[in-house]
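Have a look at the structure below before the remarks.
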Amino acid sequence: MFKLLTQVRKPTLDLPLAERKKMWLGPFLRSYLVVFVSYMVMYFIRKNFNIAQNDLISDYGMTMTQLGTIGLGFSITYGIGKTALNYWCDGKNSKNILPLGLLLSGLCMLGFGLVMGPSMGSFYMMIGLYALSGLFQSVGGSNSYSTITKWTSKKNRGTFLGMWNISHNIGGAGAAGIALFGANYFFDGNVAGMFIVPSIIAIVVALIGFTMGNDSPESYGLGTAEELFEEPISEEDKAVNENHMSKMEIFKKYVLFNKVIWLLCFANVFLYVVRIGIDQWSTVYGYEVLGFDKETAISGFTMFETGALIGTCLWGFFSDLINGRRGLVACIALLGVIATLGFYQHADSIFAYQASLFALGFLVFGPQLLIGVAAVGFVPKQGIAVADGIKGTFAYLIGDSFAKLGLGMIADGTPIFGQTGWKGTFVALDTAAVICCSIMAIVAILEERKIYRAKKEQKAMLAN
């Protein structure tokens, strides 16, 4: 198994650059397909728990507290694994990390479906298996970023990462259909089918994923992406190669003591407060405060997810159009978020409610993507997974938790800046968006300096 995680680096083929460029597309698409589909299927065996909760209550008498405890186990291990496990992953075959994580997570959720029941023993096993699943899934996003970065040029990296990012939207949207199909067609409506059938699909997809593609063009003897697309090697990669830096040295210099990564970590925390705050509470706000019926309130959530799907595809492309200025584009999107939150808060018609949530989905997922893309521009390739992971750890352990618990407490009457109730909740959302925008403005300045240095180096390279 561990042989599959070894990076393969073949000598560059003795062929003209134009020929190697032509050979790049096929293996890239296969590798891209593996990380896209693997991450999508991870959501089949993540969101099926949310879908099955009502059945777990009715069939096994589980309480909301028990369901919350199972979900908390996943969140904690997922958040910790984003840093700890991705540190271990850096320097390994990042493409094969995806099917490995999917396989192990699929086995955990297969066990989850087999052990569930009304007893306390079953409850504790469900907590443990779902928590282990979260640990194995924590490698998915970061190693997708790493693989795509190794394969692509800086000019179109945002576009490819943006297109990959819709995999979780598709996976989340398809999870309900897969879970219900599994229960109704193979288990006569029993809730166990919501876990067993998606898990079997995940295991099969993972095994196929091992046989396709690889983690970089170097594994095919095509040379690095920089060589293929005639781009200068990044300052960070050059330093790592020249100084023969170890994994720990890379982690310390480019992650632990990298001011840009820490800025992006904090930006991600505040962005998660906004994103999860809207995602978690929109149906409640639409129904209880704005006075819409339950179907209309739910339609707002659907519009938010639809806007997110479209925005995820386009924001990375927008940043590519202006030479990779991820921070600047993120600031533009965040200013739109701040303006649109007011329309959402005071929506006085169904159209205003749905349109504002569609716009918020479109806008919020711009910085959601671009924070990650900005991070890979400030670390060497051997540190991408852990750099992306550490910002995910902060987002889940702080931002996600505050959005779910903290905003709920404010809505229930806990004051913030002298405001309580839903008015206080929107004060918290606005404040988080402003702080996130301010941090990304600093990142944009640092990014501009880096782009300027890269242009100078490329001119010098072309002159020689």
Side-chain angles (χ1 to χ4, degrees), residues 40 43-44 46-55 57-58 64 67 71 162 165-181 183-184 194 271-315 333-334 336-369 400 403-405 407-408 410-412 421-426 428-430 432-433:
M40 178 186 74
Y43 272 73
F44 290 174
R46 181 190 304 189
K47 293 295 184 182
N48 56 349
F49 175 71
N50 301 45
I51 296 154
Q53 287 184 111
N54 288 330
D55 292 280
I57 293 169
S58 59
M64 296 296 288
L67 293 173
N165 210 36
I166 68 170
S167 61
H168 81 273
N169 298 102
I170 297 171
I178 297 292
L180 291 170
F181 174 78
N184 294 332
M194 293 189 177
L271 183 68
Y272 260 68
V273 171
V274 179
R275 175 195 156 187
I276 304 300
I278 298 168
D279 185 80
Q280 181 83 6
W281 299 108
S282 63
T283 54
V284 178
Y285 184 73
Y287 178 68
E288 290 190 354
V289 180
L290 299 179
F292 301 122
D293 58 52
K294 289 182 180 178
E295 289 74 19
T296 301
I298 292 170
S299 74
F301 173 82
T302 304
M303 294 303 292
F304 180 77
E305 290 296 330
T306 305
L309 183 66
I310 297 171
T312 297
C313 293
L314 294 178
W315 285 107
L334 284 161
V337 169
I338 294 164
T340 310
L341 277 170
F343 289 101
Y344 167 48
Q345 182 179 1
H346 303 291
D348 56 1
S349 68
I350 294 174
F351 174 78
Y353 173 67
Q354 293 175 334
S356 61
L357 280 169
F358 175 87
L360 283 168
F362 179 84
L363 294 163
V364 165
F365 275 77
Q368 174 74 59
L369 167 71
D400 184 87
K404 289 176 178 174
L405 181 61
L407 293 181
I410 294 167
D412 278 339
W422 287 105
K423 189 173 182 181
T425 300
F426 275 93
L429 291 174
D430 286 327

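These numbers come from a predicted model, not from an experiment.
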Between Met194 and Asp55, what is the shortest heavy-atom contact and its length? CE-OD2, 3.4 Å

Test log, rule side-chain contact (heavy atoms from CB on, under 4.5 Å), inputs Gln368 and Tyr272: CA-CA 8 Å; Gln368 174 74 59; Tyr272 260 68; 3.5 Å; yes

Does the side chain of Phe362 come within less than 4.5 Å of Leu314's, by heavy atoms? yes

To the nearest 0.5 Å, atom CZ of Phe426 lies from atom CD1 of Ile278 at 8.0 Å

Measuring from Arg275:CZ to Leu360:CG, what's the distance to the nearest 0.5 Å? 13.5 Å

Sequence neighbours excluded, the answer for side-chain contact (heavy atoms from CB on, under 4.5 Å) partners of Tyr287 is Lys294, Ala297

Residues at least two apart in sequence or cross-chain that pass side-chain contact (heavy atoms from CB on, under 4.5 Å) with Asp293, listed by chain then number, are Glu295, Thr296

Which atom of Ile170 lies closest to which atom of Met40, heavy atoms considered: CG2-SD, 3.6 Å

Under the rule for side-chain contact (heavy atoms from CB on, under 4.5 Å), what residues qualify as partners of Ala433, not counting sequence neighbours? Val274, Val337, Ile338

Given the rule in the side-chain contact (heavy atoms from CB on, under 4.5 Å) test, do Tyr285 and Trp422 qualify, once you have shown the distances and angles that lead to the verdict? CA-CA 8 Å; Tyr285 184 73; Trp422 287 105; 3.6 Å; yes

Rounded at 0.5 Å granularity, tell me how far CG in Leu357 sits from CG in Asp279. 10.0 Å

Residues 304-313 side chain polar contacts: donor-acceptor under 3.5 Å, at least two apart:
from	atom 1	to	atom 2	distance (Å)
Thr306	OG1	Thr302	O	2.8
Thr312	OG1	Ala308	O	2.7

Residue pairs passing the side-chain hydrogen bond (donor to acceptor under 3.5 Å, both in side chains) test with at least one member in residues 350-362, sequence neighbours excluded, are Ser299-Gln354

Closest non-hydrogen atom pair between Leu429 and Gly277, with its separation: CD2-CA, 4.3 Å

Residues forming a side-chain contact (heavy atoms from CB on, under 4.5 Å) with Ala428, sequence neighbours excluded: Leu407, Ile410, Ile416

Side chain to side chain donor-acceptor pair (under 3.5 Å) with Tyr344: which residues, sequence neighbours excluded? none

Only pairs under 3.5 Å count here: list side-chain donor-acceptor contacts from residues 174-181, not counting sequence neighbours, and write none if there are none.
none

How long is the straight-line distance from NE2 of His346 back to CG of Leu341, given to the nearest 0.5 Å? 10.5 Å

With sequence neighbours left out, what residues match Phe358 under ring pair (Phe, Tyr, Trp, His ring centres under 6.0 Å)? none

